[in-house]
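Please read these numbers as outputs of a predicted model, since none were measured by experiment. Chain letters run A, B, ... following the sequence lines, proteins first, then strands; residues in each count from 1.
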2 protein chains.
Amino acid sequence: MQTYQDGLAALGDPTRRAIFELLAEGPTPVGELAALLPVSRPAVSQHLRVLTEAGLVRVRAEGTRRLYHLDPAGLAAVRDYLDRFWARALADFKTAVEES
Amino acid sequence: MQTYQDGLAALGDPTRRAIFELLAEGPTPVGELAALLPVSRPAVSQHLRVLTEAGLVRVRAEGTRRLYHLDPAGLAAVRDYLDRFWARALADFKTAVEES
DNA sequence: GTACTCCGTAAGTAGTAACTTACGGTAAGT
DNA sequence: ACTTACCGTAAGTTACTACTTACGGAGTAC
C-alpha cells in the first residue's frame with residue numbers, strides 16, 4: 001500500500017522504529033531481530049507485517065530464513081509528505097516570532 | 001522536547017495528522033479545528049497538547065483565542081531522521097532486486 | 001521418512017490512549 | 001458586576017493494539 005499514512009502509523013510504535021533502525025544496518029532475518037529486541041519472535045513477525053504493508057520493508061526468502069530489508073518506496077512517501085509542510089511551517093513560524 | 005521519536009509518535013494518530021494538515025493552511029484557533037473535525041473540542045485540545053510537546057506545533061494567544069501554527073523544529077527532526085536511512089534503503093533494495 | 005530449523009498465524013490477555021461529558025478559568029463586551 | 005466566547009483540565013469509559021503462548025507449515029539435512 002505504501003501510503004504516507006500507513007508509514008507514519010507504522011513508525012509511531014517504538015518497537016517498530018527499533019526494528020526499522022536495525023534493518024538500516026543491513027538485511028536481517030527475523031530470529032536475529034528478535035534476539036536483539038526485548039520482545040518475542042512472533043511479536044517481531046507481527047511488526048514486520050505492519051511495516052511491510054506500510055511499504056517500509058520488503059522480504060526475500062533464503063532457505064528457511066526470510067531476510068527483511070528497507071524499502072525506499074515507503075520511506076520516500078513519508079519524507080515527501082513531510083516536505084509538503086516545510087515551507088508553510090517556516091512561514092507561520094516566522095510571522096509568529098515577529099508578532100511576539 | 002522535539003525529538004524525532006515524539007514527532008513520529010504524534011503523527012502516528014490519524015486525528016493528529018488531520019489537525020497537522022489543517023494547520024498547514026495557516027494558524028488556526030482550537031474551535032475552528034474542532035468544527036472541521038469529527039471529534040469534540042476537548043479532544044482537539046488534547047491532541048494539540050501532544051503535538052506541542054512533540055515540537056511540531058506552537059501557540060500564540062490572541063485575545064481569548066489561541067492560535068496554533070506549525071513549528072519547523074519538530075518537522076525538521078522527523079525529516080532528518082528519515083533521511084538517515086535513505087542511502088541504506090536504496091542500497092539494500094538494489095541488491096534485493098539483483099538477487100531476485 | 002524423520003528430525004531440526006526458521007518462521008507466520010491464531011487466540012487470548014493486559015495495558016494504553018483516544019474519546020466523551022462536566023467543570024473551571026481567563027479575556028472582552030455591555 | 002454580569003454575560004458571553006474561547007479554551008484547558010479532570011475523570012471516566014471504551015476500543016484498540018502490542019504482547020504472550022500454542023500451533024502448524026515450509027525448507028534443509030540425514
(message) dT21(C), OP1 or OP2 - any side-chain N/O from Ser40(B) closer than 4.0 Å?
(response) no
(message) Once hydrogens and angles are ignored, does a donor-acceptor distance under 3.5 Å link the base of dT17(D) to the side chain of Gln46(A)?
(response) no
(request) Name the residue closer to the 5' end of DNA chain D, choosing between Gly63(A) and Gly31(B) according to the nucleotide with the nearest heavy atom. (result) Gly31(B)
(message) So, OP1 or OP2 of dT4(D): does either fall under 4.0 Å of a side-chain N or O from Thr64(B)?
(response) no
(request) Using only side-chain N and O atoms of Ser45(B), determine if any of them is under 4.0 Å from OP1 or OP2 of dG8(D). (result) yes
(message) Both Pro38(A) and Glu62(A) contact DNA chain D. Which one's nearest nucleotide lies toward the 5' end?
(response) Pro38(A)
(request) For dG8(D), take OP1 and OP2 only and decide whether either is under 4.0 Å from a side-chain N or O of Tyr68(B). (result) yes
(message) Going by the rule side chain to side chain donor-acceptor pair (under 3.5 Å), which residues pair with Arg84(B) if we only count those two or more places apart in sequence or in a different chain?
(response) none
(message) For a quick test of reading the model: is some side-chain N or O of Arg66(A) closer than 4.0 Å to OP1 or OP2 of dG8(C)?
(response) yes
(request) To the nearest 0.5 angstrom, please state how far the CG atom of Asp80(A) sits from the OH atom of Tyr4(A). (result) 12.0 Å
(message) Pick the closest DNA chain C nucleotide for Val44(A) and for Val50(B) by heavy atoms, then say which residue is nearer the 5' end.
(response) Val44(A)
(message) Within residues 20-29 of chain A, which residues have any heavy atom lying less than 4.0 Å from an atom of DNA chain D?
(response) none
(request) May I have the distance from Leu67(A) (atom CG) to dG8(C) (atom P), rounded to whole angstrom? (result) 11 Å
(request) Give a yes/no answer on whether the side chain of Arg16(B) brings an N or O atom under 4.0 Å of OP1 or OP2 in dA18(C). (result) yes
(request) Indicate whether OP1 or OP2 belonging to dT9(C) is found under 4.0 Å from a side-chain N or O atom of Arg49(A). (result) yes
(request) Starting from C1' on dT17(D), measure out to CG on Asp13(B) and report it in whole angstrom. (result) 13 Å
(request) Determine, step by step, whether Thr52(A) and Tyr68(A) satisfy the side-chain contact (heavy atoms from CB on, under 4.5 Å) criterion, reporting the C-alpha distance in whole Å, the side-chain angles of both residues, the deciding distance to 0.1 Å, and the verdict. (result) CA-CA 9 Å; Thr52(A) 302; Tyr68(A) 283 85; 3.8 Å; yes
